[in-house]
Every structure is written in structure tokens, then in C-alpha cells.
Amino acid sequence: MKGPGLGCPSVERRGGVPYNRRGLPRGTLLKNIACGELRKGHVGQRVQLAGWVHRRRDHGGLIFIDLRDSRGLVQVVFNPERSPEAHRVAQQLRAEWVAWVEGEVAERPQGTVNPNLATGEVEVYAGQAGVLNPSKTPPFEIGEEAEVDEALRMQYRFLDLRTARMQKNLILRHRVVKHIRDFLDARGFVEVETPILIKSTPEGARDYLVPSRVHPGHFYALPQSPQQLKQLLMVAGLERYFQIARCFRDEDLRADRQPEFTQLDLEMSFVEEEDILQLIEALYADIVEKVVPRLRFRQPFPRLPYQDAMARYGTDKPDLRFGLELADVTDLASTSEFQVFRAATQSGGAVKGVAAPGCAGYSRRQIEELTQFVQARGAKGLITVALPEGRQLQTLTVEEVRSPLARSVTDEQLRQLASRMGAAPGDLLLLVAGPVGVVNLALSQLRQEMGRRLDLADPNLLAFAFVVDFPLFEWNAEEGRWEPMHHMFTSARPHQWGLLEKDPGAVIGRHYDLVCNGYELAGGSIRIHEREKQERVMRLLGHTQEGMQQKFGQLLDALEYGAPPHGGIAGGIDRLVMVLSESAQSIRDVIAFPKTQNAVDLLFGAPSPVTQEQLKELHLQVVE
RNA sequence: GGCCCGGUGGUGUAGCGGCUAACACGCGGCCCUGUCAAGGCCGAGAUCGUGGGUUCGAAUCCCAUCCGGGUCGCCA
């Protein structure tokens, strides 16, 4: 990312167009070095700078201007005695005006060096200067400090993106993507573009639809991912494909979900799980080492079976930077007198908990906060047990703990509970009882919350892990049918095909996820490459022969023409860059022009109504 | 669709039944030759998201609604 000439003047040509405006001699380049690149080595050189006025400090006589460009900023000194004309220009300059300066790079006088600036050892004595374009007073300061309302930032995204924070994020994103391309190119992968206008397949997420002008009543869909296309490329014999692909899903937004997002889409032929996992581990490790060396991670990436992840963390994308593992105490709870426990266990639910280290002193108010936290996630309540400090747990009695359980359990049950939860004296046990799904959801997020409160997650650590051995199907109780856990193209383990119709819930899929710090960064699988097996899966999911041919004929037919065994993975670029960024709070911070939670683009005002003519041409009518 | 948080000069906040609506930054003017979030003095700028209601009186209480954010559902 170093410019063409760090250490010597770099020349930025403006397409060779002679620029002649407000005093600049015709044929002269507008700038011949970046503001942010000036160093001691440039002292004595005459330079031409152009950029934005970051700040102006007017001493009446001397005027200091911090001139900023994409590489950083440098202090320019305007001295009314040395160059009265330039000084007169500087008097007009205001924040965010665009200006050019011609002057000499000088070492700063003793005692005026600014160690906080990369260019802080030098300054530029302005000889000539001019205004390239004035600016209205911006709606918020580019110099940051205060956090600006995000809606305002979005409305003026072109100003928001001027901040060093956002430019860093965009540059980081560029570095990551460039690195991915180089890495995969070096390993024989071919980047292939796939269409944005494809066929709607109402599986998984809701499609964005595009009406056809030529075919009344017919619609294209924007791809939720290039899944089928990349499988067809495998049938086509590409063997190693990737794409930095834009994907679209018309579902509700989150901090880590936008309606359009970017995936590293990748597929290989003649591979098994291990080939993909090793490639991905090498790729992600390489990205972090080369692009963000400040961050640490452990290798090899641990493999975590899905069942273990759910049992120990209550989620399939745990933050592994800290422990605080969940303990299942359903069996202990079922023997207690405590009504909440009895009710939960007798109705087939679970009781699980986490021991919060050193939190026995939590106030009533703090416990109430945590209770509301789990209630907001569907739990009925939170049962706490405060274990006294400096007391052997093996001889603990119920009189010594602060807990709603105290009256309903025996000393022995209490000791077993503490021991099972790996608790230490001074810990606060946090327990949730109820249906397994609710318990896991509430506790996985409570665990994350406690990690945050206790500052357990090292911000400089990336805890990568592969989650493996996912069930192939999930039972949808509401709809009364099986659904694919990932998608219907995922293959079952070779020896489990016999189970498919007999016991679908027991079939383990050849699916894997890459998780990191509580985010799912990538997910993929070994695919089904035989028509017969693909049809069996589709049938199980409730598709008729005609239905599957109509929706998936293109893939099914292709599988009959020598489809090689293949598999791949898709990784979220937005999430990856967010995790790698020092400042990003959401993926909106690593997307140049993101949308709001209502899927609105506040800068352009999209979506918007269109004219009657446009609608008519598309054979559309708006009904309320 | 549900729940939670927020909306007060340009920006960020304070005010939570009675105020000429406060402070900082920014903005404008004047002074100022070594600052770097420059400094000093002066000044302009808000009918408190919108609409109803309660009250003698509403930024403040109630209801509705819009917008932004978080989250559950949804979505991998």
C-alpha cells in the first residue's frame, strides 16, 4: 500500500489534463506529492500539495493550515512577511475547502515537533496557494472526536467517508480482497463472474425480484448466493473457482446483516472436507498475518463438533476468546424441590448455567439487569446462586449462599451444582430453565454479555474455529417438515445415506462453518454430485418430481453429465473486514454505501417510487 | 410483526411539570507571529422528530405516529 514513492516525491497525474485554475500555471501537475507522505527526507524540496483544509489556526500573523489528503495531513505555515499573497489566501480558507499549496518542506523549529503526526517533524512554508473549491460548513466535523448520529452520517456519506476511521476501513477491505485474489490465483483458482439476474428459487431467504420488460409477468431474481452456478462450473470442469460475489437477501437487517453483501464464493472439484478446511485455514491465517499483523490467532484452528458447541456454548458460533462454558445440570435439577426446575425438566426441557467468576457480590439491581437480559431473549427468568468468598465448596451449606434456591435444595445438591458448574468461591451461578432452545439462546448471549462485562475477550485475539458435524436436517415443528440445516445441496456422510429416509434427524451432513469471536465468517460443504442422491434429499424435503425438475432442472440435469465430486465454501467479506477492523461497530462501517435497518439508502433515497410509464413498460401495477 | 434504547441550536450533550431552554464544539466578527482540539473578547443560532391529549401551565406526563439503532422472529 506504499505509494510509488515513499521517501521521494510521488507524482499523481491527473489523466494528463492540463489544469489551469486560479493561478496555477498551465501544464503544471496539481500535486506532486501527497500531504501525508512528507518526511524529514523531503526537507529542502519544493513541493506542490493539494487537499482539504483539515484545520486552520490563525494567529493574526502566522496562519497554520493542516492540509489533508488521502495519505494523511501536514502542517502548512503561511507567513505574511514571506509570502503575503499566500497568506491572503489562507485567511479565506475554512474547514473542508479544497486548496493547493506550493512551498518548501522544512524541518520544524526546535520544540515545535508534533509526535502525534506522521508528518510531525516537518512543515511546509507556503510560497503560493489557491482555492480549488470552497466548501459549505459541513454538517459534522470530519476531525471526528464526537460520535455523530448514524442517520446523518449516511445522509452525508461522502463526508463521513472522509474521516480517517472510515478510509482506514475501506483500505483494509481493499487489502483483504486483494490478498484473497492473489492467494487463490497463486493456487490455480479462476475467478468467474456469474449473473446478477437469475431465476427465483423460493427456498431459503426471500428473493429480490426484477420484473422483465420483454416477458410480461415474468421476473428475474437477484442471487442469494451463486450456489448452483458454482456447482455448474464444477460440472463444466473448472475444478477451482472463486468469486468475490455480491449476494442479495430480502430479510430483516442486523448489525452484521445487510440486504446486499459480499461473499468470497469458492468451489473445488475432487476434494473432501479436509482439503477445503486446510485451504481456508491457510487463507485466513495468511490474511491476518499479512494484512493485520496487530492481531494474534492460534493455529491449527480447533475443530468443534456442532453438538459440543451447542452443549458448551449454547450456539454454533461461539466466541472462543474466553471460557465461561455452560454446564448442563438438568439431571441435578430434576431431583430438586425447586418448582421452576421441576416444571422445566418434567416438560422435557433443560436447566443449564454458567458460573460468573467473582460476581457473588452483584447487587440486587445488577441481578435484575441480567434477569431482564435473559427475559428479553425468551427465558422465563434467571436463577442465581451467590457463592461466599473464602469458603470451601465441598463443605458449603445452603445457609451460606444468597439464592432463591436456598430453601429448595439440600446441602449436597448445592455442592454438586457448584462442582458441576466448575464454580469457585465468590462466583455467581447464573441458571436458566426451560425448553432447550430457549435455554441455549439466553445463556449463549448471557455468556457473551458476562464476557463483555468482565472484559474477558482479548480485542487483539482472533479465536478462529471450525464447527463441524452439523445435522443435515432440522425438524420444523410449525410446518411439520424437514428443512435443510444449511442448504439442500449438502451431501450426507457417505455411510449415512441409508439413514436418509429412516431417520433424517440422525444424518450428519458434510457441512462446516468457520467461526471467529462469535461471528460466523464462512460456511460450506461437500456437495451432492449425483442426481439420484440429490433427488432423494429433495423428495425428503417435500418436493415433487415435477417441482424439482422445474426449479432445479438445470442442476439435476447437469449432475447426469459427469459431475465430479466437489465442495466449497462461502465467506462473508463484510463480517471478516469488520472483525479485522479496529473501529468497526457493524458491517455498515466497512461498506461504503450501506442501508439502514429499514433497508433504505439515506443518501440516494432508495427505494423510491417510479413513474407510471416505467411501471407500464414492466407490466406492473401498484396495489395498496 | 414483538420487545428495548434514542430523537432538544449546524454537531454532541444537559434539562424530566413553571428556566429569558444550559454547556462544549462548530459558525460569524474583532484582537493576536509557533500553534497543532491554538488562545482571548463579542455575537448569531433551538417554538425541544411529528400529531393529538392531560394540565392554569408540557422539552418534561399520556396516546398515536415517523425516523435511527439494538435484538427476537426471519435470515446462514
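We name chains A, B, ... by the order of the sequence lines, and we start the count at 1 in each one.
- Evaluated for a salt bridge (Lys or Arg N to Asp or Glu O under 4.0 Å) with A:Asp66, the options A:Arg55, A:Arg57, A:Arg56 yield exactly one hit, A:Arg57.
- Of the two residues contacting RNA chain B, namely A:Ala151 and A:Arg249, the nearest-nucleotide position lying further toward the 5' end is that of A:Ala151.
- Comparing B:U65 with B:C75, their P atoms sit 27 Å apart, to the nearest whole Å.
- For A:Thr112, counting side-chain heavy atoms from C-beta on, the closest listed nucleotide (B:A76, B:C72, B:G34) is B:G34.
- With a cut-off of 3.5 Å on both pairing distances, the Watson-Crick or G-U wobble partner of B:C3 is B:G70.
- Nearest nucleotide to the side chain of A:Glu150, out of B:G68, B:U71, B:A76: B:G68.
- Taking 3.5 Å as the limit, the base of B:G34 and the side chain of A:Glu123 contain a donor-acceptor pair of atoms between them.
- Side chain of A:Gln258 to backbone of A:Lys595: a donor-acceptor contact under 3.5 angstrom is found.
- Listed for the A:Glu267 side chain is no donor-acceptor partner under 3.5 Å among the backbone atoms of A:Tyr241.
- One N or O donor and one acceptor, one from the side chain of A:Gln75 and one from the base of B:U35, sit under 3.5 Å apart.
- By the 6.0 Å and 45° rule, A:Arg447 does not stack over the aromatic ring of A:Tyr313.
- Put simply, the side chain of A:Arg57 and the base of B:C32 share no donor and acceptor less than 3.5 Å apart.
- B:U11 and B:C48: their P atoms are spaced 15 Å apart (whole Å).
- With A:His59 contributing its side chain and A:Gly61 its backbone, the two residues share no donor-acceptor pair below 3.5 Å.
- For B:U35, the base is stacked against the aromatic ring of A:Phe64, per a cut-off of 5.5 Å between centres and 30° between planes.
- Rounded to a whole angstrom, the distance from the P atom of B:U50 to that of B:A37 is 37 Å.
- Here the separation of B:U60 from B:C19, taken at their C1' atoms, is 12 Å to the nearest Å.
- Distance noted for atom P between B:C74 and B:G18: 47 Å (whole Å).
- Considering only the side chain of A:Asn598, B:G68 comes nearest among B:G12, B:G34, B:G68.
- Remark: the A:Arg254 side chain and the B:G73 base include a donor-acceptor N/O pair separated by less than 3.5 Å.
- Annotation: A:Tyr512 is not in aromatic contact with A:Phe466 [ring centroid separation under 6.0 Å not met].
- For A:Ile142 and B:G12, the CD1 to C1' distance is 15 Å, given to the nearest whole Å.
- Regarding A:Tyr519, its OH atom lies at a distance of 15 Å from the C1' atom of B:A76, rounded to whole Å.
- With no hydrogens or angles considered, a side-chain donor-acceptor pair links A:Asp207 and A:Gln224 at under 3.5 Å.
- Phosphate contact (OP1/OP2 of B:C72, side-chain N/O of A:Gln445, threshold under 4.0 Å): present.
- Side chain A:Arg257 to base B:C74: a donor-acceptor pair is found below 3.5 Å.
- Distance, A:Glu251 CD to B:G1 P: 14 Å, rounded to whole Å.
- Between the side chain of A:Asp149 and the base of B:G6, no donor-acceptor pair of N or O atoms lies under 3.5 Å.
- Partner assigned to B:C19 is none, using Watson-Crick or G-U wobble distances below 3.5 angstrom.
- A donor-acceptor pair under 3.5 Å links the side-chain atoms of A:Asp574 to the main chain of A:Thr262, judged by distance alone.
- Proximity note for A:Pro139 (side chain, C-beta onward) versus B:C74, B:G10, B:G34: the nearest is B:G10.
- Distance A:Met485 CE to B:C75 C1': 14 Å, rounded to the nearest Å.
- Residue A:Ala205 is classed as a sugar-phosphate contact, given heavy-atom separations below 4.0 Å to backbone atoms only.
- A straight line from CD of A:Gln597 to C1' of B:G6 spans 13 Å, rounded to a whole angstrom.
- Atom CG of A:Leu222 is separated from atom P of B:C75 by 18 Å (rounded to the nearest Å).
- Taking a pair to require two hydrogen-bonding distances under 3.5 Å in either a Watson-Crick or a G-U wobble arrangement, B:U11 pairs with B:A24.
- Judged by distance alone, the side chain of A:Asp589 and the main-chain N or O of A:Gln585 form a donor-acceptor pair under 3.5 Å.
- Put simply, A:Gln224 has a side-chain N or O that comes within less than 4.0 Å of OP1 or OP2 on B:A76.
- Taking atom C1' on both nucleotides, B:A44 is separated from B:C63 by 38 Å, rounded to a whole Å.
- The six-membered or imidazole ring of A:His511 lies away from that of A:Tyr306, with a centre-to-centre distance of 6.0 Å or more.
- Going from the C1' atom of B:G68 to that of B:A22 covers 26 Å, rounded to whole Å.
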Could you run down nucleotides 21-30 of chain B 5' to 3' and tag each one B, S or - for protein heavy-atom contact under 4.0 Å? ----SSSSS-
Across nucleotides 40-46 of chain B, 5' to 3', mark each nucleotide with B, S or - according to how protein heavy atoms within less than 4.0 Å reach it. -------
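- Not one N or O on the side chain of A:Thr112 forms a donor-acceptor pair closer than 3.5 Å with the backbone of A:Arg108.
- Using a cutoff of 4.0 Å between basic side-chain nitrogens and carboxylate oxygens, A:Glu37 and A:Arg39 are not scored as salt-bridged.
- Distance from the side chain of A:Arg588 is smallest for B:G69 among the nucleotides B:U11, B:G69, B:C74.
- Of the nucleotides present, B:G29 is the one that pairs with B:C41 by Watson-Crick or G-U wobble criteria, both distances under 3.5 Å.
- Residue-to-nucleotide contacts include a donor-acceptor pair under 3.5 Å from the side chain of A:Asn114 to the base of B:C36.
- Remark: B:G51 base-pairs with B:C63. Criterion, Watson-Crick or G-U wobble with two distances under 3.5 Å.
- Whole-Å rounding puts the A:Leu73 CG to B:A37 P distance at 10 Å.
- A donor-acceptor pair is defined here as one N or O able to donate and one able to accept, closer than 3.5 Å; no such pair exists between the side chain of A:Asp69 and the backbone of A:Gly51.
- Distance noted for atom C1' between B:U47 and B:A21: 11 Å (whole Å).
- By the criterion of a centre-to-centre distance under 5.5 Å and near-parallel planes under 30°, the ring of A:His487 forms no stack with the base of B:A76.
- Residue-level contact check: A:Thr596 touches the backbone only, with heavy atoms under 4.0 Å from sugar-phosphate atoms and none from bases.
- Below 30°, between 30° and 60°, or above 60°: for A:Phe140 and A:Tyr156 the angle between ring planes is above 60°, a perpendicular geometry.
- A straight line from CZ of A:Phe373 to P of B:C5 spans 15 Å, rounded to a whole angstrom.
- Residue contacts shown for A:Tyr125 include a base, since a base heavy atom lies under 4.0 Å away.
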